[in-house]
Number of protein chains: 2
Amino acid sequence: MYSTNERRITIKQVAKVAGVSAQTVSRVLNNRPDVATATRQRILKIIDDLGYQPNIVARSLSQRRTYTLGVVTAGLKYTGPSRTLNGITNKAEELGYTLLLKELLGFEAHDVNAILDYLLARQVDGIIWAVQEVGDNRQEFDTRLPAIPVPIVFLTMRKRPGLNIVAVDNYAGGRQATEHLLNLGHRKIGHIAGPLAWWEARERKRGWEKRMAEADLPAENWVEGTWSSRSGVRSLKQLLTQAPDTTAVFAANDQMALGALHYAHRHGTRVPEDLSLVGFDNLAESAYYWPPLTTIDHDQFDLGCLAVREAVKAITSRQDITSPSHQPQSIFIQPKLIVRGSSEPAAFSAT
Amino acid sequence: MYSTNERRITIKQVAKVAGVSAQTVSRVLNNRPDVATATRQRILKIIDDLGYQPNIVARSLSQRRTYTLGVVTAGLKYTGPSRTLNGITNKAEELGYTLLLKELLGFEAHDVNAILDYLLARQVDGIIWAVQEVGDNRQEFDTRLPAIPVPIVFLTMRKRPGLNIVAVDNYAGGRQATEHLLNLGHRKIGHIAGPLAWWEARERKRGWEKRMAEADLPAENWVEGTWSSRSGVRSLKQLLTQAPDTTAVFAANDQMALGALHYAHRHGTRVPEDLSLVGFDNLAESAYYWPPLTTIDHDQFDLGCLAVREAVKAITSRQDITSPSHQPQSIFIQPKLIVRGSSEPAAFSAT
DNA sequence: ATGAAAGCGCTAACAG
DNA sequence: CTGTTAGCGCTTTCAT
């Protein structure tokens, strides 16, 4: 069914048929102005007739540039990483870059050097490190970074001077969630944290702690979950055991909030009447949970777009000697509170 | 902060330092046996000292082989496609293939030729078309297919002789869901279908229809949804309006089932007491919906793995003249019923 | 076991 | 406007 190993058409063959040099064909391919219109037309026709396709690999070798971005990701089965990848593919398409995708099997420490070598051997023009900062999985970079010959943009990690970083302001999100509950009159506000090895989880928790402190309230009642709904179930149980008078809970993601909702249903705790609940992430489904979940929305798609934009900016500025050298910068996206049915004024303030 | 445009080390420089020819270094790089052990050791050390990295682009050009798979996907923001991609990345890693990722902006018809040209220009060794069959978005292939010089594996499309296809047996899944409800004593079973432009949606619906017919029951009460939870809400409403005596509903995916659950809660329809509900997909969260959702599980990760395996098999068999030519085949994965709290025996059969 | 020459398919740099 | 020459960095083929 396939046309067997027949060699593909090359620029030389096109040139021969057209009776010109390969260089002239190359000029046509690259839309150079310095080709006679008649010649151009003729060559274009021949290209079309022959079904000629330029070999991008050869071009890359010759130009020493691939217009390819290496993307390192992890946990594609979760919505977060895949929404971000979605943004990356879209922006890359728009800017004319090809993506070379590499998914890590876990989040914890990896042989960063091997992965970088892999991408660099394939001559990527830039790298997007879209793996969340977990544990010390960023450590190896400290020594290697100066030796990486292409720009690299990091996603979702704490600020570090001199690096290109794009992340959601998780701390601000934690504050917003807490503030919303405070505004509703709640005082006993518990927190279901994500795994604290994760930078994002620590930031969200810190937002809760700080805002509580500012309201002169203790931030003591919290549990560490795993991000999963299952852990949400057990975390709410633990929270209510530790402090039965809790009237509100902020969960560090929507999955755990769903688990908490599940636990509440099973034990006759009414949400929001007995307990207000706020999640984080604004999963598409969370508006249809019962009750619909109040949550913090953040644009992970945009995160991916920004990362590509920054990477390409850095690549370009390094090619053009003319353009001012691109200064690495950190970009933090602001999340946004979405109020739905799972939170309402505290009982005592309603009466 | 970066080492500026300094040229990377080449095989020639390594050769020069080692006092050998470039081919000898090449032999070491490719683990050829015909190099003296002493020479090999010396060269390896120099490679290490210099931090030399082979240029894979040059190698690809020279070998006329890239060990790269082009992956075309769509809808990465949905769990299905991203779980499949997850499987693709894992299997590709295992088999030593690099991934070139291309995401389409929508599911409907695209300029297939342009996308194929794009991938072929980049000299991919094979293609995985991981875009679901929607409307006539497969049509362009009919004419183009014979002219594609590399193997191509299609995901999630109807059987066609002579093509490599990997898909879930959605028809069987639809049957299983329906059969489960029939076994519970339900007779009035409605269906919330996915958008019927999708092959998957049609197959799931066909499974429901066929199984109903086999039980001598009419398969009349159905509504076409959009896959979204929002459409699930309105679809259940419509279903119950059309036939108020409906005691069970099979929704073509978990999101729509969640929407149906949402509608039921809001209107005092108790699930499963008044209405049994079965979904499709087994989203990680569906076990924590209230009530936990009975659904059809299918391994989309495995789907991706199989696609890569088939693609690589086809590529390899075409390289080795010795190996028997790989016959394109269709692989259909069997889904599995997961029983949870959203379905229970029909009221009249319980009494 | 090692090297020399040629080439993969394209483009940069220079010439005319 | 168009052609020639010389690579890009590696591997293949054929010698030795």
Side-chain angles (χ1 to χ4, degrees), chain A residues 5-44 46-47 50-68 117 120-125 149 319, chain B residues 5-44 46-47 50-68 117 120-125 149 319:
Chain A
N5 290 329
E6 67 188 22
R7 211 73 147 241
R8 319 251 253 261
I9 309 215
T10 73
I11 201 172
K12 270 191 185 162
Q13 298 175 46
V14 176
K16 196 168 178 185
V17 174
V20 297
S21 73
Q23 191 49 225
T24 304
V25 178
S26 173
R27 286 188 183 104
V28 171
L29 290 176
N30 294 286
N31 265 318
R32 295 281 163 66
D34 51 354
V35 181
T37 314
T39 315
R40 163 169 282 128
Q41 296 309 332
R42 188 159 42 92
I43 293 176
L44 283 175
I46 292 170
I47 284 175
L50 261 44
Y52 166 74
Q53 282 293 120
N55 182 327
I56 303 290
V57 172
R59 176 182 290 170
S60 297
L61 179 61
S62 176
Q63 292 189 148
R64 281 197 250 88
R65 182 145 184 209
T66 56
Y67 291 93
T68 296
D117 287 347
L120 293 174
R122 279 156 187 79
Q123 311 298 113
V124 298
D125 291 341
Q319 305 285 329
Chain B
N5 291 328
E6 68 188 22
R7 208 77 144 237
R8 320 250 252 264
I9 309 219
T10 73
I11 202 172
K12 272 191 185 161
Q13 298 175 46
V14 175
K16 195 169 181 182
V17 174
V20 296
S21 72
Q23 351 312 321
T24 304
V25 178
S26 173
R27 287 187 184 104
V28 171
L29 290 175
N30 294 285
N31 266 317
R32 294 282 164 67
D34 52 350
V35 181
T37 314
T39 317
R40 163 168 282 128
Q41 297 307 332
R42 188 158 44 91
I43 293 177
L44 282 174
I46 292 170
I47 283 174
L50 261 45
Y52 166 74
Q53 282 293 119
N55 181 326
I56 303 288
V57 171
R59 175 181 292 171
S60 297
L61 179 61
S62 178
Q63 293 189 145
R64 281 197 248 89
R65 180 143 185 209
T66 56
Y67 291 92
T68 296
D117 287 346
L120 292 174
R122 279 157 188 78
Q123 311 299 113
V124 297
D125 291 342
Q319 305 285 329

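Protein chains get the first letters and strands the later ones, always in sequence-line order, with residue 1 at the start of each. All values below come from the heavy atoms of this structure, side chains included, with hydrogens, waters and symmetry mates left out.
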Quantified as the angle between the terminal helix axes (five pairs each), what is the overall bend of the helix from C/dA1-D/dT16 to C/dG16-D/dC1 to 10 degrees?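 One end axis against the other gives 30°.
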Pairwise side-chain contact, B/Val28 with B/Val14, heavy-atom cut-off 4.5 Å (strictly under):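 Sidechains of B/Val14 and B/Val28: no contact.
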Flag side-chain contact, heavy atom, 4.5 Å: B/Gln123 against B/Thr68: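 No, every pair of side-chain atoms sits at 4.5 Å or beyond.
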Rounded to whole Å, please give me the gap between [atom1] in [X] and [atom2] in [N].
{"X": "A/Leu61", "N": "D/dC8", "atom1": "CG", "atom2": "C1'", "value": "4 Å"}
{"X": "B/Gln53", "N": "D/dC8", "atom1": "CD", "atom2": "P", "value": "19 Å"}
{"X": "A/Arg65", "N": "D/dG9", "atom1": "CZ", "atom2": "P", "value": "16 Å"}
{"X": "A/Gln63", "N": "C/dA13", "atom1": "CD", "atom2": "C1'", "value": "14 Å"}
{"X": "A/Leu29", "N": "C/dT11", "atom1": "CG", "atom2": "P", "value": "6 Å"}
{"X": "A/Arg8", "N": "C/dC10", "atom1": "CZ", "atom2": "P", "value": "11 Å"}
{"X": "A/Gln13", "N": "C/dC10", "atom1": "CD", "atom2": "C1'", "value": "14 Å"}
{"X": "B/Lys16", "N": "C/dG3", "atom1": "NZ", "atom2": "P", "value": "15 Å"}

Identify the heavy atoms of [X] and [Y] that sit nearest to each other, and give their distance.
{"X": "A/Thr10", "Y": "A/Tyr52", "value": "C-CE1, 3.5 Å"}
{"X": "B/Leu120", "Y": "B/Pro149", "value": "CD1-CD, 3.8 Å"}
{"X": "A/Ser60", "Y": "B/Val57", "value": "CB-CG1, 4.0 Å"}
{"X": "A/Ala58", "Y": "B/Leu61", "value": "CB-CD1, 3.7 Å"}

Counting only side-chain heavy atoms from C-beta out, which of [options] sits nearest to [X]?
{"X": "A/Ala58", "options": "C/dT2, C/dC10, D/dG9", "result": "C/dC10"}
{"X": "A/Thr24", "options": "C/dA1, D/dT11, D/dG3", "result": "D/dG3"}
{"X": "B/Ile11", "options": "C/dT2, D/dC8, D/dT11", "result": "D/dT11"}
{"X": "B/Val35", "options": "C/dT2, C/dG9, C/dA5", "result": "C/dT2"}
{"X": "B/Arg27", "options": "D/dC8, D/dT13, C/dA13", "result": "D/dT13"}
{"X": "A/Tyr52", "options": "C/dG9, C/dC10, D/dT12", "result": "C/dC10"}
{"X": "B/Ala36", "options": "D/dC10, C/dA1, C/dG9", "result": "C/dA1"}
{"X": "B/Asp34", "options": "C/dA1, C/dG3, C/dG7", "result": "C/dA1"}

For [X], which contact category applies under a 4.0 Å heavy-atom criterion: base, sugar-phosphate, or nothing?
{"X": "A/Arg32", "value": "sugar-phosphate"}
{"X": "B/Val20", "value": "sugar-phosphate"}
{"X": "B/Ser60", "value": "nothing"}

Determine, stepwise, if the pair B/Ile43 / B/Arg40 fulfils side chain to side chain contact (heavy atoms under 4.5 Å, CB included). CA-CA 5 Å; B/Ile43 293 177; B/Arg40 163 168 282 128; 5.9 Å; no
With DNA chain C as reference, determine whether B/Arg64 or B/Arg42 sits nearer its 5' end, using the nearest nucleotide of each.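 Per heavy-atom nearest nucleotide, the more 5' residue is B/Arg42.
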If you assign each of B/Gly19 and A/Lys12 to its closest nucleotide in DNA chain C, which residue comes earlier from the 5' end?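 The 5'-side residue here is B/Gly19.
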Phosphate oxygens OP1/OP2 of [N]: is one of them under 4.0 Å from a side-chain N or O of [X]?
{"X": "A/Asn55", "N": "C/dC8", "result": "no"}
{"X": "B/Arg59", "N": "D/dT11", "result": "yes"}
{"X": "A/Thr10", "N": "C/dC8", "result": "no"}
{"X": "A/Ser62", "N": "C/dA12", "result": "no"}
{"X": "A/Ser21", "N": "D/dT2", "result": "no"}
{"X": "B/Gln23", "N": "C/dA4", "result": "no"}

Decide side chain to side chain contact (heavy atoms under 4.5 Å, CB included) for A/Arg27 and A/Val20; before the verdict, give the C-alpha distance in whole Å, the side-chain angles of both, and the deciding distance to 0.1 Å. CA-CA 11 Å; A/Arg27 286 188 183 104; A/Val20 297; over 6 Å; no
Pick from A/Ile11, A/Thr39, A/Asp34: which one makes a side-chain contact (heavy atoms from CB on, under 4.5 Å) with A/Thr24?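 Testing A/Thr24 for a side-chain contact (heavy atoms from CB on, under 4.5 Å) against A/Ile11, A/Thr39, A/Asp34 leaves exactly one candidate, A/Thr39.
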